[in-house]
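Written below as structure tokens is the structure these notes are about.
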Amino acid sequence: MTHTEHADHHHGPAKGLLRWVFTTNHKDIGTLYLWFSFIMFLFAGSLIMIVRAELFKPGEQLVNPEFFNQLTTLHGLIMVFGAVMPAFVGLANWLIPMMIGAPDMALPRLNNWSFWLLPIAFTILISTLVLEGSAPNFGWTFYAPLSTTFGPPSTDFFIFSVHIMGISSIMGAINVIATILNLRAPGMTLMKMPIFCWSWLITAFLLIAVMPVLAGAVTMVLTDRHFGTSFFDAGGGGDPVMFQHVFWFFGHPEVYIMILPAFGIISQILPTFTRKPLFGYASMVYAISSIAFLSFIVWAHHMFTTGMPVAAELFFMYATMLIAVPTGVKVFNWTATMFRGSLSFETPMLFALAFIFLFTMGGFSGLMLAMVPADFQYQDTYFVVAHFHYVLVPGAIFSIMAAVYYWLPKWTGHMYNETLAKTHFWLSFISVNMTFFPMHFLGLAGMPRRIPDYALQFTDFNQLVSISGFIFGASQFLFLFIVIKTIRGGQKATNKVWDDPHGLEWTLSSPPPYHSFATPPDVR
């Protein structure tokens, strides 16, 4: 029993609770991030279930258009800032110190503070649902003038919560950079680090570069609303299209902030279950760096229909297509890692394979959206919804689930139930495709997004999408059950879990190792 656990034993639950509040242990903080993100994932998912219930039939059934827009706004904001990003920060907290042989994160108390800002920020944001006046109703992109001239009173709560989230993200990023650059074990050069650490180092620099841009955007919205400025008001000499430029200069790198750590996770998992080292380590590092750089010069591909000059449209079209090159390098390297490997298909590997296949599919629909004349047709239809959900659900969220299954034996000292885990995978994989694939057809046929009603000919596909969405949502409770069951007990994880960090000595007859750590720390 550790010293802290001994104290908990004698001083009861209050002392145990205080330990979690004031902890500076990177494992505890990683756990807090992961649980918080899962709670937000279920909450944001429940909001969109109301939307899918409304869209089950044409006409107005359950909610009015105003509340419909509030649901989609909060769903997007909470999924991006409350579910995906905190989950990756939680994984960074748990894994980076162990992977580089560090005793903890470089700035432990800052680490604690950056976590506890998040529950505060999301309490403020979610409270707008019950406060007088309506919740934010302008989409997660909060375009002006919807958020300035016409925004509800709760817009100010939204702005405040976004500022707090941004502070949390910047502090977390500073911590990651300080840890990786200063606390690596002797002999671990940057090019010897596990690829997950590289993906997070680059992500952290992206966060520091773009979160202040978001802070600037919401501050300008605030001053336009209350202090007589006209940044985005054409009546006072401003320009609402400038808001989109400022927002997407943050928003596009943000998309890569949500996917680069996923690339790192997949690059850790594949070598284990193929019993081969990662193919092209250096090229993977350069590919991640290239993607990060290019993410800064493609922002206006979200704005092809705003009346940009043709030269600008051509530049952003070609720059967007260029991102496919380093992304393709990564996909081919993953494929080469698997080629002639001794593959086994445990749950983390299944999620990793699903990630590669479905993320690539999302990339192809992204290339379609990158073509200016085609984008004029796709803009603001369900085709766009299908595209970014293929990137973020089978992309970011599947990679997080892969990581949880992969490192859970390491974290808890217990093996999860493989049969239940595979059931969770297949339910998720089938339902996620049945939810988002038909949206491509709806979009190509012209169904607009963010509208609670639709023409009769779209009914069948919408019913399929809604039913599949409910199945996907329900299957996440199985995930919750598996995780809790593993934490509470189960088959004990033996030394096989962390012997042979690269999985090269294993044969198909024995279970695979479950990690890629530099040092084998003890299991608590």
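Residue numbers run from 1 in the order of the sequence given.
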- Task: Step by step, work out the side-chain contact (heavy atoms from CB on, under 4.5 Å) result for Tyr33 and Ser114.
- Result: CA-CA 10 Å; Tyr33 267 112; Ser114 58; 3.4 Å; yes

With a 4.5 Å limit on heavy-atom distance, are the side chains of [X] and [Y] in contact?
| X | Y | value |
| --- | --- | --- |
| Val432 | His389 | no |
| Pro86 | Met40 | no |
| Thr347 | Tyr416 | yes |
| Met165 | Met211 | no |
| Trp200 | Leu91 | no |
| Ile356 | Leu270 | yes |
| Phe273 | Glu346 | yes |
| Phe38 | Val483 | no |

- Message: Show, in sequence, the C-alpha distance, side-chain angles and deciding distance for His424 and Tyr405, and conclude whether the side-chain hydrogen bond (donor to acceptor under 3.5 Å, both in side chains) test is met.
- Response: CA-CA 11 Å; His424 169 237; Tyr405 282 122; 2.8 Å; yes

For a quick test of reading the model, state the closest non-hydrogen atom pair linking [X] to [Y] and the distance between them.
| X | Y | answer |
| --- | --- | --- |
| Leu350 | Lys422 | CD1-CG, 3.9 Å |
| Gly30 | Asn93 | CA-CB, 3.7 Å |
| His252 | Ser295 | CD2-O, 3.7 Å |
| Gly264 | Ile195 | O-CG2, 3.6 Å |
| Phe249 | Val210 | O-CG1, 4.0 Å |
| Met338 | Leu353 | SD-CD2, 3.2 Å |

Is there a donor-acceptor contact under 3.5 Å from the side chain of [X] to the main chain of [Y]?
| X | Y | value |
| --- | --- | --- |
| His26 | Asp104 | no |
| His414 | Thr486 | yes |
| Asn175 | Leu107 | yes |
| Asn433 | Phe429 | yes |
| Ser466 | Arg52 | yes |
| Trp198 | Leu190 | yes |

- Query: How are the rings of His302 and Trp248 set relative to one another: parallel (under 30°), tilted (30 to 60°) or perpendicular (over 60°)?
  - Reply: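 Geometry flag for Trp248 against His302: parallel rings.
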
For residues [X] and [Y], is any side-chain donor paired with an opposing acceptor at under 3.5 Å?
| X | Y | value |
| --- | --- | --- |
| Ser428 | Gln476 | yes |
| Tyr256 | Glu254 | no |
| Asn333 | Ser283 | yes |
| Thr189 | Arg184 | no |

Ring centroid separation [X] to [Y] under 6.0 Å:
| X | Y | answer |
| --- | --- | --- |
| Trp116 | Phe36 | no |
| His440 | Tyr390 | yes |
| Trp299 | Phe250 | no |
| Trp140 | Phe247 | yes |

Measuring from [X]:[atom1] to [Y]:[atom2], what's the distance to the nearest 0.5 Å?
| X | Y | atom1 | atom2 | value |
| --- | --- | --- | --- | --- |
| Met188 | Ile180 | CE | CD1 | 10.5 Å |
| Lys410 | Thr412 | NZ | OG1 | 11.0 Å |
| Leu125 | Ser161 | CG | OG | 4.5 Å |
| Met85 | Thr203 | CE | OG1 | 9.5 Å |
| Phe81 | Ser37 | CZ | OG | 15.0 Å |
| Leu181 | Leu201 | CG | CG | 5.5 Å |

- Sole candidate of Phe383, Phe461, Tyr382 that passes ring pair (Phe, Tyr, Trp, His ring centres under 6.0 Å) when paired with Phe441: Phe461

- Task: Assess whether ring pair (Phe, Tyr, Trp, His ring centres under 6.0 Å) is satisfied between Trp407 and Trp94, documenting all intermediate values.
- Result: CA-CA 10 Å; Trp407 281 295; Trp94 249 106; over 10 Å; no

- Output, in order, the C-alpha distance, side-chain angles, deciding distance and verdict of side-chain contact (heavy atoms from CB on, under 4.5 Å) for Leu32 and Thr23. CA-CA 10 Å; Leu32 287 169; Thr23 181; 4.2 Å; yes

- Item | side-chain contact (heavy atoms from CB on, under 4.5 Å) assessment of Phe122 paired with Phe43 | CA-CA 11 Å; Phe122 285 95; Phe43 181 78; over 6 Å; no

- Query: Picking from Leu47, Ile48, Val84, what satisfies side chain to side chain contact (heavy atoms under 4.5 Å, CB included) with Ile78?
  - Reply: Leu47

- Query: Within a radius of less than 6.0 Å around CZ of Phe479, do more than 12 heavy atoms belonging to other residues, nucleotides or ligands occur?
  - Reply: yes

- Message: Set out, in order, the CA-CA distance, both residues' side-chain angles and the distance that settles ring pair (Phe, Tyr, Trp, His ring centres under 6.0 Å) for Phe357 and Phe398, then state yes or no.
- Response: CA-CA 11 Å; Phe357 178 63; Phe398 272 23; over 10 Å; no

- Task: Show your working on ring pair (Phe, Tyr, Trp, His ring centres under 6.0 Å) between Phe279 and Phe339 and close with a plain yes or no.
- Result: CA-CA 10 Å; Phe279 182 90; Phe339 181 64; 9.6 Å; no

- What do the steps show when you test Phe425 against Phe351 for ring pair (Phe, Tyr, Trp, His ring centres under 6.0 Å), and what is the final call? CA-CA 7 Å; Phe425 166 76; Phe351 273 107; 5.0 Å; yes

- Dump the intermediate steps for side-chain contact (heavy atoms from CB on, under 4.5 Å) on Leu322 and Ile297, then the final yes or no. CA-CA 11 Å; Leu322 199 59; Ile297 58 167; 6.0 Å; no

